[in-house]
Amino acid sequence: MPRIRVVGGQRLAGQISISGAKNAALPLMAASLLTDETLTLENLPRLADIATLSSLLEHHGVAIEVNGGDGPNKGRVAHFHAADIVDTTAPYDLVRKMRASVLVLGPILARCGEARVSQPGGCAIGTRPVDLHLKGLQELGAEIELDGGYIEARAPNGLVGGQVVFPFVSVGATENLMMAAALAKGRTTLLNAAREPEVQDLGHCLQAMGAQIEGIGTDTITIDGVEALHGAVHSVLPDRIETGTFAAAAAITGGDVELLGADLTHIGSFVDVMKAAGISMEPTDAGIRVVAINGRVAGVDAMTEPYPGFPTDLQAQFMALMTVADGAAMVTETIFENRFMHVPELARMGANITLHGGSALVRGVERLTGAPVMATDLRASVSLVLAGLAAEGETIVNRVYHLDRGYERVEEKLAACGADIERIWD
Ligand code: EPZ
């Protein structure tokens with residue numbers, strides 16, 4: 001099983017290309033199920049999660065053709081063609097690999113009048129139920145039963161628009177409902193909808209496919225269902241979480257890195273916190289330049305919130321940065337109940353972190369020391385790589401398959417900026 005070896009202490013300098021966003025690409029790919037015409041997605045990242053969803057889509061009958069992306073900085077172009085949905089069941093073996101598979105539920109139900117999707121299980125960061133997805137679809141007239149570990153949804157006469165009030169913000173439920181409502185009869189209103197850039201990207205792609213959607217990027221989204229959607233060409237937005245991750249990498253090494261293709265407007269709250277910590281993030285013609293201006297970063301508090309708040313998907317990386325800050329930082333997680341799996345691993349590298357419920361008090365230390373550590377989920381694993389970049393000596397990150405789910409060639413991108421990092425295969 002591959003591992004990543006990092007020897008810390010190198011200052012990062014240079015350029016890193018930001019890939020297409022995983023969390024935008026996944027719902028966009030699921031949207032291809034809504035039409036019998038071809039949906040072309042440009043700037044598709046090369047990731048394990050993309051391959052997993054591709055397998056599921058192929059199982060449902062989607063023909064996928066991928067070209068391009070041979071150069072190190074080129075996103076791929078992929079054509080998704082769901083001429084017929086040949087199977088409306090998303091089986092356990094495919095769904096269990098990735099929770100985002102539940103995003104096929106809305107589109108298949110809307111297009112075929114029935115869908116059977118394995119219930120996604122819990123995962124390392126929390127129990128993560130899908131009740132909001134199901135309640136929302138019920139508001140659109142779906143009959144839903146849970147049987148033998150499967151969600152069985154039926155709408156034999158088609159879905160009918162309705163009002164869905166989310167009790168709290170859910171990215172995936174908003175996406176599933178937007179896709180389902182696009183083909184429902186009449187008007188659907190989603191209240192307390194998610195505003196994440198990835199949700200907006202899906203909304204814009206659905207519009208390009210002929211969907212009638214208003215309020216994208218606000219907490220009230222209105223969708224007037226149409227008879228059919230058509231093909232479209234859409235470019236996946238740059239990955240704001242990869243952007244924030246490499247910004248933290250530059251910062252933790254006291255570096256100066258330009259993130260090519262990155263978009264500052266998507267990460268405002270993160271930029272504010274980074275600035276308070278003494279890191280400059282300024283737009284350039286090609287992306288964002290990240291510079292550690294004052295040497296050692298200052299300890300700053302951060303609390304995760306739905307967009308436009310500080311993203312939960314950057315909490316672990318930011319905490320890694322705070323472990324070597326001058327002063328203390330309170331990092332509070334409000335989205336997931338168990339997203340501190342990186343804390344004991346960072347502690348093995350010398351970090352001083354005390355957990356109090358949903359908050360972690362991080363007291364900055366002068367330096368971390370390299371150690372063998374274990375990745376537990378995607379963002380936790382990359383936080384260990386960041387810590388390794390700043391640590392004295394060698395860090396070996398085990399179980400890097402978590403990392404490959406969401407980061408494209410992370411070791412190559414960091415090595416190109418001077419990091420001493422490699423993938424080892426023993
Ligand atoms: C998306 O997950 C992202 N995944 C996650 O990224 C991200 O952490 C999360 O949004 C929050 O920003 C993808 O886009 C594929 P939610 P999602 O529904 O849609 C609870 C990463 O590292 N909830 O917004 O599953 C849920 O348990 C990942 O790339 C319910 O209780 O997140 C959580 O506590 C991990 N019932 C909260 O809501 C539901 O029906 C927010 O979850 C749905 C969600």
Side-chain angles (χ1 to χ4, degrees), residues 19-31 45 47-50 52-53 56 95 97-106 117 119-139 144 146 151 164-179 190 192-202 219 236-237 239-245 266-267 269-270 304-318 333-339 341-342 358 375-383 402-408:
S19 302
K22 165 181 85 83
N23 289 346
L26 296 171
L28 289 167
M29 288 166 67
L47 300 170
D49 274 9
I50 300 295
T52 302
L53 186 58
L56 179 60
V95 175
K97 290 190 187 160
M98 188 182 63
R99 295 181 45 83
S101 305
V102 76
L103 291 170
V104 304
L105 175 63
V117 175
Q119 274 177 271
C123 71
I125 62 176
T127 49
R128 301 184 74 184
V130 291
D131 55 322
L132 301 187
H133 302 236
L134 306 188
K135 279 185 193 141
L137 291 171
Q138 282 169 328
E139 294 293 340
I144 294 185
L146 300 178
I151 301 160
V164 179
V165 185
F166 296 111
F168 50 89
V169 174
S170 164
V171 171
T174 303
E175 293 167 341
N176 235 335
L177 266 294
M178 280 166 75
M179 291 190 279
L190 306 180
N192 200 20
R195 292 180 284 166
E196 271 66 3
E198 296 76 20
V199 178
Q200 298 181 34
D201 208 31
L202 173 66
D219 61 5
V236 180
L237 92 176
D239 195 321
R240 66 191 168 108
I241 305 304
E242 192 194 21
T243 301
T245 301
H266 296 154
I267 49 167
S269 53
F270 177 74
T304 66
E305 287 175 319
Y307 190 81
F310 190 98
T312 172
D313 291 347
L314 283 173
Q315 179 257 107
Q317 300 90 314
F318 182 72
E333 172 62 51
T334 71
I335 309 290
F336 292 106
E337 70 266 31
N338 189 25
R339 211 172 195 183
M341 306 283 278
H342 41 287
T376 48
D377 72 71
L378 170 56
R379 309 302 170 186
S381 27
V382 84
S383 79
H402 288 294
L403 205 109
D404 294 333
R405 291 186 58 175
Y407 289 95
E408 189 174 325

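Both counts, for ligands and for their atoms, begin at 1 and track the order of listing.
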Heavy-atom side-chain contact between L53 and L103 under 4.5 Å | no

Would you call the rings of F318 and F310 parallel, tilted or perpendicular, where under 30° means parallel and over 60° means perpendicular?
-> perpendicular

Any side-chain heavy atom of V130 within less than 4.5 Å of one from L105?
-> no

With a 4.5 Å limit on heavy-atom distance, are the side chains of L177 and E139 in contact?
-> no

One finds that the ligand 1 atoms under 4.0 Å from a non-hydrogen atom of R379 are 21 (C), 22 (O), 29 (O)

Starting from atom 3 (C) of ligand 1, which protein heavy atom do you reach first, and at what distance in Å?
-> N23 ND2, 3.6 Å

Name the closest protein heavy atom to atom 5 (C) of ligand 1, giving the residue it belongs to and the distance to 0.1 Å.
-> D313 OD2, 3.7 Å

Contact check, side chains of L47 and D404, non-hydrogen atoms, under 4.5 Å | no

Who's the nearest protein heavy-atom neighbour of atom 32 (O) of ligand 1, and how far?
-> F336 CZ, 4.1 Å

Give yes or no for whether the N/O distance cutoff of 3.5 Å, strictly under, is met between E175 and ligand 1.
-> no

Could you tell me whether R99 and ligand 1 have an N or O pair separated by under 3.5 Å?
-> no

Pick from V171, V199, L202: the one approaching atom 10 (O) of ligand 1 most closely through a non-hydrogen atom = V171

Nearest protein heavy atom to atom 27 (O) of ligand 1, by residue and atom, and its distance?
-> R128 CA, 3.2 Å

Under 4.0 Å from any heavy atom of T312, which atoms of ligand 1 are there?
-> 8 (O), 11 (C), 12 (O)

Here the pair of heavy atoms bringing Y307 nearest to E196 is N-OE2, 2.9 Å

Heavy atom of G406 under 4.0 Å from ligand 1?
-> no

For F168, counting its heavy atoms only, list the atoms of ligand 1 lying under 4.0 Å from any of them.
-> 20 (C), 23 (N), 30 (C), 31 (O), 38 (O)

Test item: side-chain donor near acceptor, E408 and S19, under 3.5 Å | yes

Close-contact set for ligand 1 against I335 heavy atoms, below 4.0 Å | 33 (C), 34 (O), 37 (C), 41 (C)

Just distances here: any N/O of L132 and N/O of ligand 1 closer than 3.5 Å?
-> yes

Quick one: does R339 get a heavy atom under 4.0 Å from ligand 1?
-> yes

For G172, the ligand 1 atoms whose distance to one of its heavy atoms is below 4.0 Å = 18 (O), 19 (O)

Numbered in order shown, the ligand 1 atoms found under 4.0 Å of a heavy atom of D131 are 30 (C), 31 (O), 36 (N), 39 (C), 40 (O)

Quick one: are V169 and E305 in side-chain contact, heavy atoms under 4.5 Å?
-> no

Any H133 heavy atom less than 4.0 Å to ligand 1 = yes

Is S170 in polar range of ligand 1, meaning some N or O pair under 3.5 Å apart?
-> yes

SB check D49 R99 (cutoff 4.0 Å) = no

Determine, step by step, whether M98 and L26 satisfy the side chain to side chain contact (heavy atoms under 4.5 Å, CB included) criterion, reporting the C-alpha distance in whole Å, the side-chain angles of both residues, the deciding distance to 0.1 Å, and the verdict.
-> CA-CA 11 Å; M98 188 182 63; L26 296 171; 4.1 Å; yes

Just going by heavy-atom distances, which of P129, A173, A194 is nearest to atom 43 (C) of ligand 1?
-> P129

Residues I241, Q317; criterion side chain to side chain contact (heavy atoms under 4.5 Å, CB included); working and verdict | CA-CA 10 Å; I241 305 304; Q317 300 90 314; 4.1 Å; yes

K22 heavy atoms, cut-off 4.0 Å: which ligand 1 atoms fall inside?
-> 21 (C), 29 (O)

Salt-bridged, R240 to E198, with N to O below 4.0 Å?
-> yes

